[in-house]
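Residue numbers start from 1 in every chain, and the chains themselves are labelled A, B, ... in the order their sequence lines are given, proteins ahead of strands.
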Amino acid sequence: MGVAEEIGFVLLALLGGALLTAGLERLLGTAERGPARPLAVARATALPNADRWLLPAGPISGLAGVLFGTVVIPFGPTLIGRDLGIGVFYFIVVIDFVVLGVALNGWGASTSDAVESCYRIVAQLVSYIVPLGLAYVGAIMMARSLVTTTIVDAQSGLWFIVLQPLGFALYLVTGLMQSYRAPFLEAFSDRIGGGVLGVVGGGPALVWRVTLSGLLFLVAAMGAILFLGGWSGPFLPPPVWMALKTYGLMALMLSLGHLVRPLSTAEMLALSWKILTPAGLVNVLIVGILILLHIGPA
Amino acid sequence: MSDYAPVALVAVLAVGLGLLALALRAGPVRRIEAPSAWAQFRFGYPIYALIFLAFDMEMIFMYPWAVVFAAIGLTAFIDMLVFIAILSAGIAYAWGMGGLEWE
Amino acid sequence: MNAANIAEIIAFALSAFIAVAGALGMATTMSMFRSGIFLMASFMGVAGLFVLLSADLLGLLQIMMYIGGMLVMILFMVLFMQDPGGAMMADMPDMMTPVGKIFSLGLKQNDPTGTGPEEEGEGRDGDDDNMGDMDMSDMAMVTPAYRWAVWAALLTAGGLVALLLLRPAWPLASGALDPRSAERIGSLLMDKYMVGFEGAGFLILIGIVGAVFMARTGRHGAKADRDSRSAIEDTPPEIEADPLTPLAGDIGQTGPGGAA
């Protein structure tokens with residue numbers, strides 16, 4: 001594909017994915033007062049104390065994060081924005097732009113709820129990034145590459161979910177943390193009036209709507225690639241398999257998340273550093289032993 | 001390196017779309033009256049944040065190691081085992097000294 | 001001069017501009033938060049330069065470090081400083097340098113106490129020069145060494161540019177740029193830089209031990225008069241099963257009230 005077509009594909013994939021994600025959340029009844037809450041798109045918001053440069057930079061950074069992330073998600077053997085040589089690592093780095101966007105928007109808005117939301121979102125970044133990285137590392141070790149299409153090809157014999165169940169469980173939990181869905185809702189919770197989402201309106205609200213739905217879509221899509229074999233499957237065309245696996249994983253994550261009561265920020269941090277990070281390190285060692293015993297893809 | 005041409009153009013697209021969305025003036029404007037909140041609150045996770053910084057440095061090493069691990073084999077495993085042991089000692093120390101607490 | 005060359009030159013110019021402008025903004029702006037963000041932006045410019053040199057793993061590593069690390073560092077700055085957002089300094093334009101004024105645009109707070117437009121606070125305008133009981137040592141964004149710093153920076157920059165221009169011959173890199181950066185870096189870490197790899201682990205351990213030791217209870221320096229809106233006592237609200245949340249009834253309140 002030429003560069004212009006690639007960019008068009010990325011934009012369409014993100015918008016389509018975000019739309020279907022919003023629909024799925026509405027269908028499952030999990031569109032609660034979290035990041036999926038309805039936003040005041042029809043009315044703009046004026047904040048008297050805003051930092052005039054940082055406040056607009058927030059939604060732009062968030063949108064840039066999800067657009068960057070969509071570039072490396074393959075929907076078929078060649079149906080990808082651009083198959084970067086460091087695909088998965090690039091993905092985990094650029095999703096941080098969404099966190100940066102919420103932090104900028106929260107700080108820039110300069111209301112007490114928005115600034116509190118900024119603190120909580122950085123707390124969530126501190127929680128999820130190490131265990132999520134360790135879950136990725138397990139899949140990277142077996143696939144011997146950071147390229148997303150190579151990771152999918154390495155699962156042509158056996159999906160990684162079978163070989164790395166601990167890694168998959170880790171990905172479920174940290175994926176929910178990364179996309180601010182239940183039970184990790186504190187950054188946009190009702191107690192602080194929705195945080196950043198309570199002080200946006202008009203254009204920025206629409207951008208955040210797309211960004212947060214797109215974020216859940218990307219997290220589920222990357223989970224499907226790392227653990228469920230991506231676009232591979234017997235009868236249906238590859239993009240259909242990719243969509244089925246992505247939304248199936250998303251439904252699983254959302255349902256499991258709703259079985260647990262919402263966790264406060266303190267509990268989330270303790271969970272991440274006391275349970276998830278040691279589990280992640282153990283997972284890396286287990287996968288290492290499996291590879292040394294020649295179990296897994298050749 | 002020319003792989004990143006679509007990435008750069010996606011960045012331009014994101015900035016363009018973002019600016020477009022910001023410029024949309026949609027009807028009535030809702031004013032939010034709130035005092036400036038920049039110097040009011042503290043956050044309760046400074047130790048967690050410092051430990052996160054340390055482990056972020058560790059994750060830098062994990063990604064390239066993971067790519068070449070299967071090609072090198074046991075030596076790489078032992079090396080990473082030592083590295084993980086060193087860092088686990090760090091977490092264990094922090095946990096034992098009561099550092100993994102919310103303030 | 002085909003399209004690829006032009007694109008490369010534009011990308012280089014843009015990355016270099018962002019790197020330098022970000023550093024300048026970091027040094028001169030009056031808001032600490034913005035200073036951190038400018039440093040982040042500067043290193044994204046550097047990351048762009050790395051990507052142009054085909055070291056894309058290093059470039060993305062820069063971005064990862066600087067988003068995560070700088071957000072945390074900015075929060076620490078906010079924790080300990082009196083005026084992290086620059087609002088107070090924005091009211092004192094005489095103390096800013098001309099470049100600082102440019103990078104501090106948009107910080108002026110219209111309504112810092114939230115009294116609202118219809119209530120004229122008496123004497124607020126006459127209070128401009130009285131800083132109240134604020135500790136003067138917290139004017140962290142203004143320094144008497146500023147002129148010396150500017151001259152030192154200009155001389156260093158001039159020296160570096162002179163070295164760049166007057167150097168007789170630039171040897172071109174002989175090998176082709178290797179696009180498989182992850183494998184190369186991984187192999188190097190495992191054989192040539194093994195000691196550095198484990199040594200870095202030790203340094204990280206020392207950092208963790210030092211941080212935990214220094215921050216034992218009773219020793220943190222955050223001002224005790226600040227509120228904490230942490231969620232430790234709260235249990236978060238239960239999720240209401242609300243599948244038909246109507247879009248019409250959106251968040252209609254006029255905004256959160258300020259904290260006490």
Side-chain angles (χ1 to χ4, degrees), chain A residues 26-34 37-40 42-43 48-54 57 84-86 89-90 92-94 96-97 99-100 103-104 107 110-113 116 119-120 122 125-126 129 145-146 182-183 185-186 189-194 198-199 258 261-266, chain C residues 31 33-34 37 40 56-57 60-61 63-64 67-68 70-72 74-75 78 85-87 103 105-112 114 116-117 179-183 227 229-253 255-259:
Chain A
R26 188 63 51 97
L27 189 69
L28 287 179
T30 61
E32 77 287 358
R33 299 250 176 216
R37 61 195 298 150
L39 298 177
R43 295 188 306 177
N49 290 324
D51 184 330
R52 298 225 159 53
W53 283 14
L54 292 184
L84 297 175
I86 52 169
F89 179 68
Y90 162 88
I92 200 174
V93 169
V94 296
D96 288 350
F97 275 104
V99 176
L100 179 65
L104 288 176
W107 178 266
S110 185
T111 62
S112 59
D113 290 340
E116 175 67 17
Y119 291 167
R120 289 184 186 183
V122 177
L125 174 73
V126 164
I129 198 147
S145 169
L146 291 169
L185 297 166
E186 277 296 285
S189 103
D190 265 345
R191 272 313 154 80
I192 51 173
V199 297
H258 273 256
R261 69 167 174 86
L263 292 179
S264 69
T265 315
Chain C
S31 161
F33 195 95
R34 278 196 193 178
I37 298 293
M40 209 188 287
D56 48 1
L57 188 75
L60 271 288
L61 270 174
I63 297 182
M64 174 166 102
I67 295 185
M70 279 316 295
L71 276 177
V72 166
I74 287 174
L75 283 193
V78 168
F103 284 109
L105 283 177
L107 279 178
K108 187 136 181 53
Q109 304 260 298
N110 294 327
D111 202 5
R180 299 174 306 129
S181 19
E183 286 93 339
D227 297 333
R229 290 192 68 173
S230 59
I232 191 167
E233 295 89 22
D234 298 342
T235 49
E238 290 298 321
I239 302 171
E240 305 121 12
D242 202 358
L244 297 176
T245 314
L247 270 174
D250 62 349
I251 322 155
Q253 73 264 27

- Message: Is L61(C) close to chain A through its backbone or its side chain, or both, or neither, when contacts mean heavy atoms under 4.5 Å?
- Response: both
- Message: Is Y90(A) in contact with chain C via its backbone, its side chain, both, or neither, using a 4.5 Å heavy-atom distance?
- Response: both
- Approximate separation, where rounding is to 0.5 Å, of L71(C) CG and L104(A) CG: 7.5 Å
- Message: So, taking the atom named CG in L54(A) and the one named CZ in R34(C), what distance separates them when rounded to the nearest 0.5 Å?
- Response: 5.5 Å
- Item | M70(C), part contacting chain A, at a heavy-atom distance under 4.5 Å | neither
- What option among I86(A), L125(A), V99(A) has the most heavy-atom pairs under 4.5 Å with chain C? I86(A)
- Message: Using heavy-atom distances under 4.5 Å, tell me whether L60(C) contacts chain A through its side chain, its backbone, both, or neither.
- Response: both
- Query: Between I37(C) and chain A, which part of the residue has a heavy atom less than 4.5 Å away: side chain, backbone, both or neither?
  - Reply: side chain
- Message: For the CG atom of L57(C) and the CZ atom of F89(A), what is their distance to the nearest 0.5 Å?
- Response: 5.0 Å
- What distance do S31(C) atom OG and W107(A) atom CH2 have between them, rounded to the nearest 0.5 Å? 7.0 Å
- Item | V72(C) side chain near V126(A) side chain, heavy-atom distance below 4.5 Å | yes
